[in-house]
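Contents: one structure, followed by commentary.
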Amino acid sequence: MSIDVSDLAALRVERVRAIAGRLRELRGPLLPILHAVQHELGHVDPADVPVIADVLNIAVAEVHGVVTFYRDFRREPGGRATVRICRAEACQAVGAEALAAHATRRLGVGFGETTSDRAISLDEVFCLGNCALGPAVQVDGTLHGRVSPARLDALLGEVATA
Ligand code: FES
């Protein structure tokens, strides 16, 4: 039995509606709902926006504005691995910008994007709590410190072949 794309879309709407319904009573529920959707469904799809707006009884533009304002929200499915590079001040002072430029060149994508083979999503982050050991990089939740371009290449190679 095959599952139709429209069935999947309907299933997603149902899940987004359930998440929003579960959290709608929180004070300031929009951000927690968006985080929960991303956590549980991988990203905040543009099609999720009107569903959330409907549950919260607010304007679609308001939800859209928040999703696009915060860099945290991915608006398309992510890659199989996620690489996050810290670009905050302490890491910048020890070469994070050069590392960031190296990563975008090496992967051929910008921050917030995913490689065309969907292997790796590249994200920027502003402090990973590892400031004394910058430049800091997180690969699928594992923190790495003092990451040089060569070390980053090795980490990217490991996740690309995982
Ligand atoms: S500034 Fe990069 S980990 Fe804190």
Side-chain angles (χ1 to χ4, degrees), residues 12 15-16 19-20 22-49 51-53 56 58 61-162:
R12 185 169 176 111
R15 291 193 61 192
V16 170
I19 292 167
R22 190 174 81 218
L23 300 173
R24 66 178 291 175
E25 298 306 329
L26 292 177
R27 185 190 295 237
L30 182 52
L31 277 175
I33 288 170
L34 292 172
H35 280 293
V37 167
Q38 175 149 304
H39 179 71
E40 293 178 35
L41 304 177
H43 71 289
V44 181
D45 197 89
D48 301 339
V49 169
V51 179
I52 295 168
L56 295 182
I58 59 177
E62 192 178 331
V63 181
H64 176 77
V66 171
V67 173
T68 51
F69 179 78
Y70 289 97
R71 299 164 194 259
D72 282 0
F73 298 119
R74 185 181 298 292
R75 285 180 281 157
E76 58 176 32
R80 293 185 292 283
T82 301
V83 174
R84 305 167 84 206
I85 297 183
C86 176
R87 301 183 77 182
E89 215 170 291
C91 283
Q92 268 189 34
V94 289
E97 284 311 291
L99 188 67
H102 178 80
T104 56
R105 256 195 325 269
R106 159 85 200 251
L107 293 172
V109 296
F111 286 97
E113 295 178 354
T114 299
T115 55
S116 55
D117 61 0
R118 308 222 70 83
I120 298 174
S121 290
L122 180 65
D123 286 337
E124 61 185 353
V125 63
F126 292 87
C127 199
L128 288 163
N130 198 36
C131 317
L133 294 174
V137 171
Q138 195 179 47
V139 180
D140 282 343
T142 303
L143 195 55
H144 302 270
R146 298 212 168 105
V147 179
S148 63
R151 175 83 184 112
L152 183 67
D153 284 347
L155 291 169
L156 294 177
E158 283 168 24
V159 292
T161 55

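In this chain, numbering begins with 1 at the start of the sequence shown. Just follow the structure's listing: the first ligand is 1, and inside any ligand the first atom is 1. Just so it is clear, the structure is predicted and the values come from calculations on it, not from any experiment.
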After noting the C-alpha distance and the side-chain angles of Leu41 and Arg12, does the key distance pass the side-chain contact (heavy atoms from CB on, under 4.5 Å) rule?
-> CA-CA 8 Å; Leu41 304 177; Arg12 185 169 176 111; 3.6 Å; yes

Are Ile120 and Leu107 close enough, and set up right, to give a side-chain contact (heavy atoms from CB on, under 4.5 Å), and what steps lead you there?
-> CA-CA 8 Å; Ile120 298 174; Leu107 293 172; 4.0 Å; yes

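The OG atom of Ser148 sits 7.5 Å away from atom CG of Leu99, with the distance rounded to the nearest 0.5 Å.
Around atom 4 (Fe) of ligand 1, protein N, O or S atoms at less than 2.8 Å comprise Cys127 SG, Cys131 SG.
His43 and Asp48 are not linked by any side-chain donor-acceptor pair at a separation below 3.5 angstrom, with hydrogens and angles left out of the test.
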Donor-acceptor pairs under 3.5 Å, side chain of residues 136-147 to any protein atom, not counting sequence neighbours: which ones?
residue : atom : partner : partner atom : Å
Gln138  : OE1  : Arg84   : NH1          : 2.5
Asp140  : OD1  : Thr82   : N            : 2.8

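Put simply, the side chain of Leu56 reaches to within 4.5 Å of the side chain of Arg24, judged on heavy atoms.
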